[in-house]
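Every number for a ligand or one of its atoms is a count from 1 in the order of the listing. These numbers were taken from a predicted model, which means no experiment stands behind them.
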Amino acid sequence: MKTNIFNMKKTIDQHELAEITNLLQRGKTVAFPTETVYGLGADATNKEAVEKIFSAKGRPSDNPLIVHVATKSQLLSLVKDVPDYVERLIDKFSPGPITYVLHHAGKVAPVVTAGLDTIGVRIPNHPVALSILKASALPLAAPSANRSGRPSPTEADHVADDLTGRIAAIVDGGMTDVGIESTVVDCTGEIPLILRPGTITAENIKNAIGACHVYQTEDLPEKPKSPGMKYVHYAPEVPLFLVEKSKIAELIHDYQAQGNRVALLYASHSLQRIPAEQRLYIGTDEHELAKRLYRILRSFNKRDMDMIVCEYPSLSENHAIIDRLKRAATEIIM
Ligand code: TXA
Ligand code: MG
């Protein structure tokens, strides 16, 4: 399959927008930028179209997809039994990097929700995504546009690396702004429950509506609430070791003594024993780090490197960056 590239980095061309809309309405898959990461979109009401997403990504069919819509009324039309606080959350945070899990109203193909009675829905805050959603007037199922297990794509090139030849088109909107995926919030109960942390935090939600719980992955039951959380995620090509900073120097010494080529991601102090081009400062600005994280994880390959040692960032334990690094890591050494 030929994968068409549409460049919308600077302007959204109306003819191209019509072409993209046409592809989606004909049941094709199109990758497009959102404010978080690139999504691989298809018409959520079209079973065959949605199946193409699962096969292009190599995604297990029991992992439900997030449905993207342009407006609050479109969002509410897809769900039922909506608790009062949800509209307040939508008014406060959407469009934005937050996904609401609610009981669905049977409007999308059952493959989207992996047969669950709930659906994840969100309004992305990105001009290209919103233009496509408005022009097509479709709810678009769109998981992150990476091969399953790989770090999510934050640039069109990342999507091309993973999915060229497997999808109909990629819309290039430049580097995404937030860099990590939306906060997923289960809103089926009296108090919202964060299933996947993101840049909208439990604190933000508490401030908006008074209460919020956070799902603890440590007590992961047999059947996790958010099916996607049980899979390996964000794994870079080169194994990543997440290491508490006081242990880094000694560990690297040992790894190198065993003949390994080691790259270092550091926030506090660099190590002279690692060549400059293999050391990467990950900084202390959490927004910058979130934005660059997947690009960094994708920048190493097995040809040049045997392992990545990443300093454990000094952020709170339930910070989204810690969550993603832990999922990306082969080993956590504290
Ligand atoms: O920022 C984002 O959310 C990006 C952009 C493209 O919108 N999308 C994204 O989709 O990260 P994906 O498919 O990579 O992750 C969706 C997560 C998975 O962990 C999935 O299990 C969970 O949301 N999810 C989706 N529907 C759900 C549901 N009905 N109940 C519980 N979890 C759900
Ligand atoms: Mg994903």
Side-chain angles (χ1 to χ4, degrees), residues 29-42 44 50 53-54 56-69 78-79 93-105 108 110-126 128-130 132-133 139-154 158-159 162-163 170-171 173 176-189 192-200 215 217 220 223-235 290-291 294 320 323-324 327-328:
T29 50
V30 177
F32 59 85
T34 77
E35 80 281 38
T36 57
V37 301
Y38 277 73
L40 177 59
V50 175
I53 295 178
F54 284 93
K57 279 182 60 89
R59 182 178 177 107
S61 60
D62 66 348
N63 191 3
L65 309 179
I66 293 174
V67 174
H68 296 63
V69 294
L78 298 178
V79 296
F93 298 115
S94 297
I98 184 167
T99 297
Y100 309 98
V101 171
L102 286 156
H103 289 287
H104 68 71
V108 304
V111 274
V112 171
T113 59
L116 297 175
D117 56 6
T118 56
I119 183 173
V121 271
R122 85 177 194 95
I123 309 174
N125 189 15
H126 192 290
V128 172
L130 286 172
I132 294 172
L133 286 164
L140 295 177
S144 50
N146 50 285
R147 289 297 285 265
S148 256
R150 299 257 297 143
S152 294
T154 52
H158 300 164
V159 181
D162 280 16
L163 298 174
I170 300 170
V171 187
T176 61
D177 195 44
V178 175
I180 55 178
E181 306 82 350
S182 63
T183 306
V184 176
V185 194
D186 181 342
C187 297
T188 58
L193 172 67
I194 294 187
L195 301 179
R196 177 176 72 181
T199 52
I200 293 177
Y215 191 72
T217 41
L220 206 71
K223 198 165 191 244
K225 271 215 137 204
S226 184
M229 302 307 263
K230 70 173 187 250
Y231 294 107
V232 175
H233 267 96
Y234 321 114
K291 186 169 172 153
Y294 294 143
D323 171 75
R324 303 308 192 272
R327 287 171 196 285

Asks: At under 4.0 Å between heavy atoms, is it the side chain or the backbone of Ile119 that contacts ligand 1, or both, or neither?
Replies: backbone
Asks: Near the Mg ion (ligand 2), which protein N/O/S atoms fall under 2.8 Å?
Replies: Ser144 OG
Asks: Can you sort out the partners of Asp177 under side-chain hydrogen bond (donor to acceptor under 3.5 Å, both in side chains), two or more places apart, ordered by chain and number?
Replies: Lys291
Asks: Nearest to atom 18 (C) of ligand 1 by heavy atom, Val184, Asn63, Thr36, Val37: which?
Replies: Asn63
Asks: Taking 4.0 Å as the limit for heavy-atom contacts, which would you say applies to Lys57 with ligand 1: side chain only, backbone only, both, or neither?
Replies: neither
Asks: Answer side chain, backbone, both or neither: which part of Ser182 comes under 4.0 Å from ligand 1, heavy atoms only.
Replies: both
Asks: Would you call the rings of Tyr234 and Tyr294 parallel, tilted or perpendicular, taking 30° and 60° as the class edges?
Replies: parallel
Asks: Who pairs with Tyr100 by ring pair (Phe, Tyr, Trp, His ring centres under 6.0 Å), at least two apart in sequence or on another chain?
Replies: none
Asks: Hey, is ligand 1 close enough to Tyr38 that some N/O pair sits below 3.5 Å?
Replies: no
Asks: Before signing off on this row, confirm whether Thr34 and ligand 1 have an N or O atom pair separated by under 3.5 Å.
Replies: no
Asks: Counting only heavy atoms, tell me which of Ala142, Gly39, Gly41, Ala141 gets closest to atom 8 (N) of ligand 1.
Replies: Ala142
Asks: Name all pairs fulfilling the salt bridge (Lys or Arg N to Asp or Glu O under 4.0 Å) condition that reach into residues 31-40, sequence neighbours left out, sorted by first residue then second.
Replies: Glu35-Arg122
Asks: With atom 15 (O) of ligand 1 as the reference point, say which of His103, Glu181, Arg196 has the nearest heavy atom.
Replies: Arg196
Asks: Heavy atoms only, cut-off 4.0 Å: how does Val101 contact ligand 1, side chain, backbone, both, or neither?
Replies: side chain
